[in-house]
Amino acid sequence: MFRKFYLLYGLLTLSTVAYGQYRGWSLDTVNQLKNVPKSVRDNPGSYRTVYAGYHHYTGGK
Amino acid sequence: MSAGAPPLSGPPRPQAKGLNCPKCGAAIVLRSFGQAQTVVCASCRCILDAKDPNLAILQQFEAITRDVKPLIPLGTRGKLRGTDYEVVGFQRRSTKVDGITYYWHEYVLFNPYKGIRYLSEYNGHWNDISICKQLPMSEGTSANYLGEIYKHFQTCDASTDFVLGEFPWQVRVGEHAAVTDFVHPPRVLSSEKLDKEVSWSIGEYMYGREICDAFKLPGDPPEAMGVYENQPSPITINVAGIWVTFAAFAVFLLALMAAFDMRAKKEPVLQQTYQFNRADAKSETSFVSDEFVLGGGTSTVEVKTSAPVDNHWIYLNYALINQDTGQAWDFGREVSYYHGYDNDGSWSEGKRTDSVVIPSVPAGHYYLRIEPEADPSLPRIAYTVDVIRDVPVFGIYGIAFVALLLPALVISWRAYTFERSRWSESDHPPMQLSSMSSSSEDDE
């Protein structure tokens with residue numbers, strides 16, 4: 001019973017990996033936006049990134 | 001045969017033989033006829049010679065064991081593995097190990113056509129026992145019975161504490177026998193040496209619920225405590241087989257990785273070096289890259305940033321924007337590298353390069369909007385941005401590997417802990433336990 005489950009589970013895992021690679025999945029997270037105005041190309045300052053104001057590492061040991 | 005009980009299967013109707021105890025005069029019922037060697041008076045617990053027409057007293061009852069009560073009362077009938085049996089005898093036995101006395105119970109079952117068999121019960125674990133039909137071959141720490149190899153589990157000195165009913169041997173309270181158990185779950189092969197006589201029996205594990213159902217006992221059976229020597233493992237699968245399957249999956253995963261790595265285009269679509277100047281940072285710092293084309297189908301896009309930072313940081317707010325559809329992927333990346341010396345020696349943190357892989361980016365015309373920020377102590381710095389289309393993501397294979405490994409590990413661990421519990425009670429405990437016990441003995 002478990003062996004059958006494991007076989008199915010393994011095949012499903014491998015299929016998911018293959019599909020993910022085919023579809024270009026990634027482990028990095030990025031914020032996706034739609035309908036960014038074309039004017040950004042000419043006026044980059046009109047776009048406001050959600051990542052502005054990030055607290056930067058200034059340390060070291 | 002007790003009044004009101006249903007008859008045993010088969011045409012002849014056996015009749016119990018009525019006699020009286022020569023000590024107390026109580027009625028003695030012989031259920032197993034000629035099979036009984038001894039019978040115990042239910043009233044005064046004297047052990048009587050069942051072969052003697054006058055029931056000669058073989059042993060007086062010891063009062064200390066008067067309160068032992070069998071879970072299956074004598075005279076109870078039940079169907080065990082398709083055959084009707086009646087409980088005709090009961091004994092409690094014990095063994096002393098490391099100063100602790102362990103008790104177990106044995107029941108004598110009788111069917112006039114099938115003969116005698118036994119049930120044993122220890123801490124809620126039951127065994128259906130019968131006398132071996134062939135003599136097993138005992139070879140050191142193993143025994144061979146009917147082609148099956150049994151591993152030695154333990155040898156102990158078993159003493160009889162209490163007896164009740166009929167027995168097909170000359171039973172005595174206080175009698176000692178050397179009992180050796182060999183296991184091959186769910187079976188146990190036991191040899192019992194009494195004086196110079198050795199008898200072999202084969203037992204098969206049974207659950208308390210099966211016994212209750214077989215003898216129609218009221219209530220729930222006593223809960224089984226711990227793992228018994230021949231208790232079947234709940235992990236019924238072949239653990240080695242699971243690892244073979246895992247190995248096959250791992251090989252397939254590697255093949256998949258190699259295939260997708262070879263198939264990946266890894267096509268550079270943009271490489272530009274930009275300059276960050278703090279003097280310009282007061283005005284708008286954001287700008288856009290040259291336009292580039294992502295061909296083919298939906299794929300990953302890697303954005304690599306490299307900067308010669310030295311105890312500094314640079315941070316880039318990126319937006320990968322599809323010129324045709326207005327779809328954008330917004331992300332921020334930091335490149336920082338710190339190093340120095342302290343009491344522990346040299347140290348370093350961070351890297352001068354950074355990489356991010358944007359998932360599932362469709363084909364089209366794109367540009368990058370870049371908004372740099374940098375360490376306030378950094379007047380200017382050059383940085384390079386590389387955009388590469390269709391790169392493999394190896395982390396996914398790592399996750400898949402762990403996902404495949406986990407069930408195999410869980411099953412192996414469960415099987416291991418079960419067997420470890422089983423063998424920790426044996427004469428051959430697992431390594432850690434034996435070393436622990438030997439070290440504690442050394443301490444003493």
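Letters go in sequence order (proteins before strands), and every chain restarts at 1. Bear in mind the structure is a predicted one, so any value in this text is a computation, not a measurement.
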Go through it in stages, so that I can follow the logic: the residues are A:Asn31 and B:Phe331, the test is side-chain contact (heavy atoms from CB on, under 4.5 Å), and I'd like the CA-CA distance, side-chain angles, deciding distance and then a yes or no. CA-CA 6 Å; A:Asn31 193 35; B:Phe331 52 96; over 6 Å; no
Could you check which of B:Ala400, B:Pro407, B:Gly395, B:Gly297 has the highest count of heavy-atom pairs closer than 4.5 Å to chain A? B:Pro407
Side chain, backbone, both or neither: which part of B:Tyr367 has a heavy atom under 4.5 Å from chain A? side chain
What residue, out of B:Thr298, B:Ile370, B:Val361, B:Leu404, has the most heavy-atom pairs lying under 4.5 Å from chain A? B:Leu404
Is A:Tyr22 in contact with chain B via its backbone, its side chain, both, or neither, using a 4.5 Å heavy-atom distance? both
For B:Ile396 and A:Trp25 the tightest heavy-atom approach is CD1-O, 3.7 Å
Do A:Gln21 and B:Tyr397 touch side chain to side chain, with heavy atoms closer than 4.5 Å? yes
Top residue by heavy-atom pair count (under 4.5 Å) with chain A, among B:Gln323, B:Met257, B:Arg263, B:His339? B:Gln323
N/O donor-acceptor pair under 3.5 Å between A:Ser26 side chain and B:Ile358 backbone: no
Once rounded to the nearest 0.5 Å, what's the spacing between atom CD of B:Glu302 and atom CG of A:Asp28? 9.0 Å
Side chain to side chain, A:Arg41 and B:Glu291, heavy atoms closer than 4.5 Å: yes
d(A:Phe2 CZ, B:Thr245 OG1) to nearest 0.5 Å is 9.5 Å
Specify the closest pair of heavy atoms between B:Ala403 and A:Tyr9, including all atoms of both residues, with the distance to one decimal. O-OH, 2.7 Å
More than 12 heavy atoms of other residues, nucleotides or ligands under 6.0 Å from NZ of B:Lys351: yes or no? no
So how far is it from A:Lys38 NZ to B:Ile321 CD1, rounded to the nearest 0.5 Å? 11.0 Å
Nearest atoms (heavy-atom pairs only) where A:Arg3 meets B:Ile242: CA-CD1, 4.0 Å
Is it the backbone or the side chain of B:Leu256 that comes under 4.5 Å from a heavy atom of chain A, or both, or neither? side chain
Should A:Val17 and B:Phe252 be marked as a side-chain contact (heavy atoms from CB on, under 4.5 Å) after you check the CA-CA gap, both sets of side-chain angles, and the distance that decides it? CA-CA 11 Å; A:Val17 169; B:Phe252 200 78; over 6 Å; no
Just by distance, do the side chain of B:Gln327 and the backbone of A:Leu33 share a donor-acceptor pair under 3.5 Å? no
Contact winner vs chain A - B:Ala264, B:Ala408, B:Pro359, B:Ser299, heavy-atom pairs under 4.5 Å: B:Pro359
Say you draw a straight line from CD1 of B:Ile399 to OG1 of A:Thr16; how long is it, rounded to the nearest 0.5 Å? 11.5 Å
Measure the spacing between CG of B:Asp330 and CD of A:Gln32 and express it to the nearest 0.5 Å. 11.0 Å
Would the number of heavy atoms belonging to other residues, nucleotides or ligands and lying under 6.0 Å from CZ of B:Arg209 be above 12? yes
About how many Å separate CG of B:Asn322 and NZ of A:Lys34, when rounded to the nearest 0.5 Å? 12.0 Å
Return the option, out of B:Asp390, B:Leu253, B:Ile411, B:Asn311, with the maximum number of heavy-atom pairs under 4.5 Å with chain A. B:Ile411
Going through the distances and angles, do B:Phe246 and A:Tyr6 end up as a ring pair (Phe, Tyr, Trp, His ring centres under 6.0 Å)? CA-CA 9 Å; B:Phe246 166 75; A:Tyr6 187 59; 7.4 Å; no
Would you name the heavy atoms of B:Val356 and A:Val30 that are closest together and state the gap between them? CG2-CG1, 4.4 Å
Structural part of B:Asp324 lying under 4.5 Å from a heavy atom of chain A: backbone
